[in-house]
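Below, all heavy atoms of this structure are taken into account, side chains as well, without hydrogens, waters or symmetry copies. Residue numbers begin at 1 in each chain, while the letters A, B, ... track the order of the sequences.
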Amino acid sequence: MRKVTITLVLLLAFTPALALAHEGEPPLAVVEELAAYVATDDTDFDGTNKLYKAAKAAIAAEAEAIEDADARPAAKRYAEIQSQVADAMRRDSLPTSAWLMGFFGATLLWGGMAFCIGVARKRGGGKGGGA
Amino acid sequence: MAEQRERWNSRTAFIMAAVGSAIGLGNVWRFPGQAFENGGGAFFVPYFIALLTAGIPLMIVEYGIGSKYQGSAPLSYQRLDKRFEWVGWWAVLIGLVISCYYCIILAWSWQFAYDSFIAMFSNALPWTGAAAQDGAIGATDTQAYFNEVLGTPAEGETGVGTFNVGVMFGLAATWLCVYLAIAKGVHRVGKVVMITVPLPLIILVLLAVRGLTLPNSMDGLAYYLAPDWSKLAEPEVWLAAYGQVFFSLSVGWGILIAYASFRPKDSDVVNNAYITSFANCGFSFLAGFAVFSVLGYLAHSMGQPIPDMDGISGAGLAFVTYPEAIQRMDMGAVWMQGLLAVGFFVMLLTLGIDSAFSIVEAVAAAMKDKFNVSRAFVVRGLCVAGFLVGLIYCFGSGPDWLGITDAYMGDYGLPMVALVQCIVVAWIIPKKKFMELQGDINKRSELVTGAMWRICLKFITPAVLIWSLFEYTRKLIAKGVSFDVVVFGIVPAGLVLLTAFLLQKIRTTKDEEEVGDA
């Protein structure tokens with residue numbers, strides 16, 4: 001019982017925390033596009049959330065530097081990519097936070113069930129286990 | 001000496017029967033929708049907390065009482081404390097009323113499954129062109145076909161709608177299955193559940209695989225799984241999580257007490273409760289993949305975002321949205337689409353039938369325990385009565401009446417029973433008896449309960465149930481009271497409670513038997 005509780009509490013605490021940390025991460029394809037747009041040859045591109053943030057900051061800085069933001073191609077492109085990020089968060093691929101919550105659910109429910117069945121089998125069908 | 005109590009074939013048979021009872025239509029059409037509306041993946045956090053602090057503790061109580069006192073719900077409560085036999089009767093009688101309308105939903109599934117099967121040998125699905133045929137403006141084919149199956153009165157038309165003979169046959173088939181499953185006792189039930197529990201799981205896995213291989217399925221899954229953490233600050237989300245757990249675990253129906261009573265007195269309690277709960281919730285979780293992958297495909301195919309779609313949960317999902325998705329799937333041949341539809345509706349049937357017969361079994365066991373009548377006689381009587389009452393719902397207005405009865409019985413009555421059960425066990429009976437019950441449960445269980453279990457039963461579960469009932473009462477009052485509400489909601493609810501009290505007043509020789517006889 002204690003083992004079950006500890007396992008469940010750990011899963012309850014850590015997986016959603018990880019999911020929360022990854023919530024803002026966009027799909028890889030979008031990160032690649034952002035990286036290409038920024039076109040910084042010296043960028044050590046690895047598709048991480050860190051790079052996405054850096055790319056986003058670079059674009060934002062570029063857009064801010066333009067006086068009439070809506071009229072300039074860079075700002076338009078920025079708006080497009082932002083919208084694309086929002087769309088892509090839900091379309092075609094799952095964000096990491098969704099994967100993590102899927103893992104969380106599967107581990108707790110199916111893992112929990114497997115653990116309890118394991119306990120029952122270990123005890124030879126359980127106390128009073130016969131028909 | 002009392003008659004020897006029936007026993008399950010094995011521990012597996014007992015667990016399968018309990019899982020079959022818990023897993024029902026709601027696992028497919030309620031849980032995924034609830035998750036979507038309440039924060040996606042973030043909903044899993046309150047859901048698991050609700051499962052651990054309310055669902056499983058209540059299930060342990062029911063298994064513990066049934067196993068210790070070796071009787072159906074009324075008899076077990078009577079043996080726990082003579083003053084509370086009515087609690088057991090209240091639970092099983094609510095279940096009896098619910099079974100009357102639950103079976104009608106299975107009757108719709110029969111009709112859809114039958115029509116889809118016939119369609120496998122034709123060149124169109126049964127609902128193809130239904131909207132144009134009926135002249136229904138703005139309705140989809142599947143909506144028009146569903147209205148046709150139900151015999152729904154046209155807009156502006158008065159009366160109770162047409163009586164649907166097809167649904168009546170479906171209802172008869174459902175009650176016949178219930179009779180055949182339980183008439184011969186729990187030995188037969190133990191064999192039936194070996195089919196009705198794994199079969200829908202296999203079909204669900206196949207449907208999930210089909211759904212996940214459709215274009216844009218990930219779009220749907222993102223709505224199901226991507227967490228919206230801000231929702232956790234909303235009290236309604238927590239209420240929804242606790243509500244989902246209460247409704248899906250079959251607690252408060254007296255079923256688990258009756259099922260546990262068919263186990264030997266020294267059987268495990270706690271681990272069985274964990275296995276049953278995890279299996280039930282794991283099924284719901286899997287159902288979300290099957291449902292939302294298809295919704296993602298359908299949303300893209302219709303050019304409509306999922307949040308703007310109708311029929312994401314409830315009967316609309318099963319009988320309108322899912323068939324619509326099947327119609328739009330490019331599967332090469334109509335018979336393939338028909339086969340998929342047959343698979344889906346057979347899954348609904350097998351999911352629902354073991355829930356239906358578990359409800360009737362709980363009532364039959366109660367009647368048998370109280371009046372010492374033969375099982376076959378009681379089951380036959382209940383099935384015939386259930387069928388006759390269910391005929392009301394074969395009219396076009398049946399679904400509206402069903403909604404009202406469900407609001408007062410399922411949504412209101414069951415949490416009320418669960419609350420009374422908690423109060424009786426954790427607060428009213430002497431503390432010594434409560435501790436004895438816990439000691440007894442722990443003595444024969446592979447996992448043991450501790451202080452947390454008592455805290456959950458004494459404080460957390462009752463508090464959430466009171467809050468939930470308070471919120472629900474507010475909503476019911478806001479809806480107002482109509483003639484239909486009185487006839488199909490308030491009167492049956494009152495009669496059930498009154499009957500429960502009256503049944504307690506009837507004394508039989510069985511009531512006087514010692515617990516040890518069982």
Sub-4.5 Å side-chain heavy-atom contact between A:Leu108 and B:Phe278 | no
When the 4.5 angstrom heavy-atom criterion is applied to A:Ala114 and chain B, the contacting part is neither
What one should report as the nearest heavy-atom pair of A:Cys116 and B:Tyr274 is SG-CB, 3.5 Å
Result block: side-chain N/O donor-acceptor pairs under 3.5 angstrom for residues 45-60 of chain B, not counting sequence neighbours:
unit_1: B:Thr53; atom_1: OG1; unit_2: B:Ile49; atom_2: O; d: 2.7
unit_1: B:Thr53; atom_1: OG1; unit_2: B:Tyr242; atom_2: OH; d: 2.8

The reported gap from CD1 in B:Ile15 to CD1 in A:Ile117 (rounded to nearest 0.5 angstrom) is 7.0 Å
Between A:Met101 and B:Pro227 the two heavy atoms that sit nearest each other are CG-CG, 3.8 Å
In short, A:Ala120 meets B:Ile275 closest at the heavy-atom pair CB-CD1, 4.5 Å
Most heavy-atom pairs under 4.5 Å with chain A, out of B:Ala13, B:Pro215, B:Cys281, B:Ser217, belong to B:Cys281
Residues 275-293 of chain B vs side chain to side chain donor-acceptor pair (under 3.5 Å), sequence neighbours excluded, gives B:Asn27-B:Asn280, B:Asn27-B:Ser284, B:Tyr63-B:Thr276, B:Ser248-B:Asn280
In terms of heavy-atom contacts, B:Phe285 and A:Gly102 come closest through CZ-O, 3.3 Å
To the nearest 0.5 Å, atom CG of B:Leu225 lies from atom CZ of A:Phe104 at 12.0 Å
